[in-house]
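Presented below is the structure to which this report refers.
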Amino acid sequence: MKWVVGLIALGLLGACAETNQTAAPAPVPVAERPVDPECKTVTVFSSTKITKPNRKIKPEWQAFSGVWGKAGWNDTWCHDLYVMKIEDTGKVILMDTHGPGGRHDGSAFQRTGTLTPDNRLVFKADGVDREYVIRDGKLYGVQRIAKDVELRIAMQRKS
């Protein structure tokens, strides 16, 4: 008889627990993000001071100094590049920024690159090789994502 009373008590507790629980809210739908024709990236809050290159550095390397942007990888994923400091050795300190796109949030990363003897800026970003050259006042870049997959960009000077 005690076990019957115990079962009834457990049943009542279960019923009370069910009536006191609230249903989980429905997930909020994800809004589609429209493409921004002005191709904005992120606002960088840390120092992005551009240090004027030493006059001893060859002019082809000095030309990389400054902020480049107003373009997107394959004309879609917005990208700005802050070439902040160029050393005599060819070492470059830069800020690499991207706007949101695909499955990526906007991002900004300080990176270190190298200027090569043939006047290319090269660095790795998240394991991906990047290469930039200046031609006709534009900064042309390429990302080699995989053996047969490349993203390209033609950036304008912003400052």
Side-chain angles (χ1 to χ4, degrees), residues 18 21-159:
E18 286 179 15
Q21 291 179 357
T22 57
V28 176
V30 177
E32 290 292 323
R33 224 184 284 242
V35 175
D36 186 343
E38 294 180 19
C39 210
K40 296 177 182 172
T41 60
V42 297
T43 301
V44 181
F45 294 102
S46 66
S47 175
T48 54
K49 179 183 175 206
I50 307 299
T51 302
K52 187 174 180 177
N54 185 323
R55 285 185 279 161
K56 293 187 293 184
I57 295 173
K58 63 183 186 172
E60 294 85 359
W61 287 8
Q62 289 183 36
F64 283 90
S65 183
V67 182
W68 299 85
K70 301 181 183 178
W73 290 106
N74 287 8
D75 297 325
T76 58
W77 187 25
C78 299
H79 172 46
D80 287 345
L81 193 68
Y82 295 70
V83 180
M84 300 184 300
K85 184 177 181 184
I86 301 172
E87 297 180 2
D88 297 350
T89 61
K91 179 181 175 182
V92 176
I93 306 299
L94 52 97
M95 184 72 67
D96 176 30
T97 69
H98 290 88
R103 289 183 243 150
H104 302 280
D105 290 332
S107 63
F109 294 97
Q110 183 171 322
R111 302 194 191 277
T112 303
T114 303
L115 287 164
T116 65
D118 61 347
N119 307 320
R120 294 177 298 121
L121 171 60
V122 296
F123 64 93
K124 280 197 182 289
D126 302 321
V128 175
D129 291 327
R130 297 259 196 94
E131 179 180 323
Y132 297 84
V133 296
I134 296 176
R135 296 234 165 66
D136 301 321
K138 288 189 177 181
L139 183 66
Y140 292 91
V142 62
Q143 288 190 68
R144 292 181 177 84
I145 306 294
K147 182 180 175 186
D148 297 327
V149 179
E150 291 185 348
L151 299 178
R152 296 189 174 271
I153 193 168
M155 304 168 83
Q156 298 175 34
R157 187 174 293 283
K158 292 179 82 172
S159 71

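Computed from a prediction, not measured in an experiment: that's the story for all the values here.
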* Phe123 and Thr114, any side-chain heavy atoms less than 4.5 Å apart -> no
* To do: Apply side chain to side chain donor-acceptor pair (under 3.5 Å) to Thr116 and list each qualifying residue two or more places apart in sequence or on a separate chain.
  => Asp118
* Asked: Does any non-hydrogen side-chain atom of Ile57 lie less than 4.5 Å from one of Leu115?
  -> no
* To do: Could you list the residues that satisfy side chain to side chain donor-acceptor pair (under 3.5 Å) with Lys85, not counting sequence neighbours?
  => none
* Structure fact -> With sequence neighbours left out, the residues meeting salt bridge (charged side-chain N to carboxylate O under 4.0 Å, His left out) with Lys124 are Asp129
* Can you tell me if NZ on Lys58 sees more than 12 non-hydrogen neighbours from other groups inside 6.0 Å? -> yes
* Structure fact -> Residue set satisfying ring pair (Phe, Tyr, Trp, His ring centres under 6.0 Å) with Tyr140, at least two apart, ordered chain then number -> none
* Are Asp80 and Trp68 linked by a side-chain donor-acceptor pair shorter than 3.5 Å? -> no
* Is there a donor-acceptor contact under 3.5 Å from the side chain of Trp73 to the main chain of Cys78? -> no
* State which residue, out of Ile134, Val83, Leu121, fulfils the side-chain contact (heavy atoms from CB on, under 4.5 Å) condition with Leu139. => Ile134
* **Residue list, side-chain contact (heavy atoms from CB on, under 4.5 Å) with Asp75, at least two apart or on another chain** => none
* Structure fact -> All heavy atoms of Lys138 vs all of Ala154, minimum pair found to be CD-CB, 4.4 Å
* To do: Report yes if some heavy atom in the side chain of Met84 is under 4.5 Å from a heavy atom in the side chain of Ile50; otherwise report no.
  => yes
* **All salt bridge (charged side-chain N to carboxylate O under 4.0 Å, His left out) counterparts of Lys52, not counting sequence neighbours** => none
* Structure fact -> Closest non-hydrogen contact found for Leu94 with Gly113 is CD2-N, 4.3 Å
* Asked: What's the spacing between Trp77 CH2 and Ile153 CD1 if we round to 0.5 Å?
  -> 10.0 Å
* Main-chain N/O of Thr76 paired to Asn74 side chain as donor or acceptor, under 3.5 Å -> no
* Asked: Between Arg157 and Gly66, which heavy-atom pair has the shortest distance, and what is it?
  -> NH1-CA, 4.0 Å
* Sequence-distant partners of Asp126, salt bridge (charged side-chain N to carboxylate O under 4.0 Å, His left out), two or more places apart -> Arg111
* Asked: Heavy-atom distance under 4.5 Å between the side chains of Asp96 and His79, does that happen here?
  -> yes
* Asked: Just how far is it from atom CD of Gln110 to atom OH of Tyr82, taken to the nearest 0.5 Å?
  -> 13.0 Å
* Check whether any side-chain heavy atom of Ile86 lies under 4.5 Å from a side-chain heavy atom of Phe64, and answer yes or no. => yes
* What pairs with Gln62 under side chain to side chain donor-acceptor pair (under 3.5 Å), at least two apart in sequence or on another chain? -> none
* Residue pair Ile93, Thr112: steps toward the side chain to side chain contact (heavy atoms under 4.5 Å, CB included) verdict -> CA-CA 5 Å; Ile93 306 299; Thr112 303; 4.0 Å; yes
* If you round to the nearest 0.5 Å, how far is OG1 of Thr89 from CH2 of Trp61? -> 7.0 Å
* Structure fact -> Residues at least two apart in sequence or cross-chain that pass side chain to side chain donor-acceptor pair (under 3.5 Å) with Glu131, listed by chain then number, are Arg120, Arg144
